[in-house]
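As the structure lists them, so they are numbered: ligands from 1, and atoms in each ligand from 1. No experiment lies behind these values; they were computed from the predicted model shown.
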Amino acid sequence: KNDGQLKLSKQLKLPPDKVVNNKLNNHVNQNKTSRIKLDYNLLNFTPICDVTGKEAVSAITRAKSQICKELIVNVTCMGLQGTLYPKRLYSSCPHSMGFNKNPKKIGCYQDDKTHRMLTGFYTVLKSNNSPEQCALLCLQYGYPYAGTEYSVECFCGVEEPSQTKRLLDSSCNMKCSGDPRQSCGGYLAINIFKTGIKSFKAQEARNISTKIAHEKPARIAFLLTVNGRASRQVKRLLSVLYDPSHFYYIHVDARQDYMYREMLEIEKSCRYGNIKVAKGPGLRHASIWGGASLLTTLLSSARKMLEYSKNWDFLVNLSESDFPIKSNKQLVEFLTLNKGFNFVKSYGREVQRFISKQGLDKSFVECEARMWRLGDRKLPQGIQIDGGSDWIALNRNFIEYVSNPKPDELVSGLLKVFKYTLLPAESFFHTVLRNSIYCDTYIDNNLHVTNWKRKLGCKCQYKAIVDWCGCSPNDFKISDINKIRNTIDKNLFFARKFEPIIDQRIINYIEEYLYPMKFNNINRANSKNSYWQSLYHHGDLSPPVDDVLLTITNSLVRIIYSKYYHLNNNNYNFKLLEASVYFSDNKYQGILILAEASNKIIESSTIYDNNVNYYPERLEALVLSPRNFSTSKLWSNRILNLHVSTDYDQKEQTFRNFLSCVGPLSSPILSYEFDLSFVTPKNLTIFWIDTNNYLRDVNQIQVDETTLIGSIKPQLDEPLTIGKWNIFILADNVLIGQVNFFVTPLSFLNNHEINIKKIRDIHNGPINQKKLINNNNQKWINFLKTIGINLNENYDNNSNNIIEERTGDELNNWIDEFVKKYYKIDKICIANEFINNNVFKKLNLDKCTQTNWSSLSPDPKADINNICYT
Ligand code: UDX
């Protein structure tokens, strides 16, 4: 039921300083006050206090830069001195159980700005023939949070909360239980909210439609915080959400050049000017997962959105992986009826449990794109802490209040607290809402349905970014469609998460259901079931590209152009422009390489300036990467897949490295998928054997019906030996499956051409190569031979004595040999609009725009012309 986040703290694992790390892990369940000495030699500054807490010392030790170490020290010291956080804050919620600095009269209390719905309720009571008793006062006992663990009593009468009990009119005392807002303010909203507009009785429906007819439709400001490279999906989201009367503000993670350029293009092409992209240092942030910067992003974006547009009523935040599940019309109707309310989702259980699961009782500090855990802290007294999900729909007044550059004491106090809080956006808005004059406008619904599969989504997958084990929801697949169907009569308007590389069918399904007419366009196009996602773009400076990807894709450019040009012909420069991954019918098809050959002579000559007809010759190629696994006869139906690559996503159980390229510094992983018919649990043994027939690792896995899909990461000494590797899988000493992959030499290191020193370091296998030639290794190899396993044939006994130092063309040729063996160039098209070149003219190639597979072929799902021009 709980849509909020469950954060696991138990198995905290911290990279990469293993010594400190292990101690820290143990420390989690040990005495919290344990202390440790900080090595002052690590610092080039004098700490302002003596740091002894284990977590802080670990953070300082692991942080790389002095500036980050200093920040951690300073924040820790301020925490110890008690100057970091306010000790007490005051709630201005009229009926708060906390300390009320300025108690306000409630009951008939009517705030034009925020209590519109209360007015409606007030009228109803008034018609009860007791106008003086119109006031409704709700006292909350126990935990004043949504859910069942508190009781609520409502009384008629008018008084200040501190004196309520004495002045109550007991004659009209009515008891209620459950959600306080059912009987307090927000009655109507909750009612609509619970029943769903569609299921209203005729009279009620008439009332509602009269109300809607008299109301100005709510205007929405969408805040899109986007990250990654799925720009076509973001365009699709925008084209589905777009309406000239709404406002769209797009924040792209400061490190994502590609997505940023793509979004700028949309902003530029939108003729209504209501799509804006966050630009510049104060407005663009590196909003890491769970980071304090995500709150900074939301607040700075909110301020800018208020400034840009005076018209909107609600701010709704979405990410690249959200998608609507109701039409815009339905969303607008709902928000029109509920203007003045604020929609957030609460954890829904004991607040103390939430605080500890969420790490709210610990200080975290953000630097080096990481949230470092510093140790325990005390949250301010006098206020209610609340939180859940950071997907919200907040009204303009509340946004003005919470993002005010000159905040009041409550907001400024909470900002201090949340500056050093993990996942701050999941609690900040809730807590402000609960403790401010807007407390009556709190609705426990964030309008989202979230696909939680905690077994998959809570695998501590963010430990490289945060000192905590965080969870993420899963992507919706077509098999999850009922979860979406079940929301039909609920006030849920968005779902998350969606990724077309995981499943585009469900996105098509929803879009067609919501907008059948518009979908005709998509239906008619060949690309309905296709999806393209960028892997590389030559214009990107950030984030850094994987050197192995750069090596292989550049090799592919050489191979592609060698079909048509003499590569040694110095008249041409060959350049990789883009690499993308191509999916069709929900299946990975291959990699696309877009490249150009430019004629140096023409480009450097004066003719070039005047010759408008000259265009570098561009090609795009579809490259296949055949999968290389085989099984024994007996196991051919039981082993569905064996594959080696890097960047395995445990949540979605798939590799994110689509090219499956492995280099000497990579961490390869074997993924496996067994069939359901695999009924008897089996222990399998996995042998990793390098190109020189050395056994590099042996793993054991247990497979039963609950672990049919999984992965195994071997412990391999780096750098990995260049060449073909074999993996053999044995069950009861019998070979049941095998798969091979290759480790490519690198032509790039840290995104620059690799130098000879690094070549020698990296292309000669692990340093302890010799150590491996021992009896044990030989024993295993002999064993594998005796059971009939064929090892690498072209194994060269002397290879270890030669120092590998190929460079330049020789290195490139070596790489190209591997690439040709493992990848297949399937199709090539011409990417130029005008063909001005003799080489091309002679070729019988399709134009890319006229193919089904090219990234340049029409894709109405993600066509920006469909966004602002319809
Ligand atoms: C889940 C919850 O749904 C979310 O409420 C919580 O903040 C984090 O956990 P999850 O799927 O894990 O979400 O995160 P994701 O959607 O990938 O990222 C959250 C937001 O941060 C997105 O808007 C995303 O674009 C942004 N982000 C993430 C960045 O800007 N940069 C990053 O490096 C990572």
Asks: Report the relative orientation of the aromatic rings in F655 and Y648; use parallel for angles under 30°, tilted for 30 to 60°, perpendicular for over 60°.
Replies: perpendicular

Asks: Which of the numbered atoms in ligand 1 are below 4.0 angstrom from a heavy atom of S472?
Replies: 10 (P), 11 (O), 12 (O)

Asks: Look at ligand 1 and say whether C471 reaches it with a heavy atom at a distance under 4.0 Å.
Replies: yes

Asks: Ignoring angles and geometry beyond distance, decide whether W452 reaches within less than 3.5 Å of ligand 1 through its nitrogen or oxygen atoms.
Replies: no

Asks: So, K362 and D467, do they make that salt bridge, N to O below 4.0 Å?
Replies: no

Asks: Under 4.0 Å from a heavy atom of V226: which atoms of ligand 1 are those, numbered in the order shown and with their elements?
Replies: 25 (O)

Asks: Given salt bridge (Lys or Arg N to Asp or Glu O under 4.0 Å), test K497 with E652 step by step and report yes or no.
Replies: CA-CA 11 Å; K497 306 173 70 164; E652 300 302 336; over 6 Å; no

Asks: Given S711 and Q650, is the side-chain hydrogen bond (donor to acceptor under 3.5 Å, both in side chains) satisfied, shown in steps?
Replies: CA-CA 8 Å; S711 69; Q650 296 197 48; 5.4 Å; no

Asks: How does T225 reach ligand 1, if at all, at less than 4.0 Å between non-hydrogen atoms: by side chain, backbone, both, or neither?
Replies: both

Asks: Can the positive tip of R434 be found less than 6.0 Å from the middle of the six-membered ring of Y442, inside 45° of the ring normal?
Replies: yes

Asks: Short list, please: which atoms of ligand 1 are under 4.0 Å from a heavy atom of W289?
Replies: 8 (C), 9 (O), 10 (P), 12 (O), 14 (O), 34 (C)

Asks: Would R261 and E265 pass as an ion pair if we require N to O under 4.0 Å?
Replies: no

Asks: So if I count the atoms of ligand 1 from 1 in the order they appear, which ones are less than 4.0 Å from some heavy atom of R255?
Replies: 31 (N), 32 (C), 33 (O)

Asks: I'd like to know if the two cysteines, C458 and C469, have SG atoms within less than 2.5 Å.
Replies: no

Asks: May I ask you to identify, for Y462, whether its side chain, its backbone, both or neither come under 4.0 Å of ligand 1 on a heavy-atom basis?
Replies: side chain

Asks: Go through it in stages, so that I can follow the logic: the residues are N482 and R485, the test is side-chain hydrogen bond (donor to acceptor under 3.5 Å, both in side chains), and I'd like the CA-CA distance, side-chain angles, deciding distance and then a yes or no.
Replies: CA-CA 5 Å; N482 279 341; R485 284 203 188 113; 2.9 Å; yes

Asks: Closer than 4.0 Å to some heavy atom of E426 - which atoms of ligand 1 meet that?
Replies: 4 (C), 5 (O), 6 (C), 7 (O), 8 (C)

Asks: Could you tell me whether S389 and ligand 1 have an N or O pair separated by under 3.5 Å?
Replies: no

Asks: Could you tell me which atoms of ligand 1, counted from 1 in the order shown, lie closer than 4.0 angstrom to a heavy atom of S319?
Replies: 22 (C), 23 (O)

Asks: Under a heavy-atom criterion of less than 4.0 Å, does H285 contact ligand 1?
Replies: no

Asks: Could you check whether any heavy atom of H251 sits closer than 4.0 Å to an atom of ligand 1, since that is the contact criterion I want to use?
Replies: no

Asks: Between Q461, E320, K651, which one has a non-hydrogen atom sitting closest to atom 25 (O) of ligand 1?
Replies: E320

Asks: Is the NZ or CZ atom of R377 both under 6.0 Å from the centre of the six-membered ring of Y420 and within 45° of that ring's axis?
Replies: no

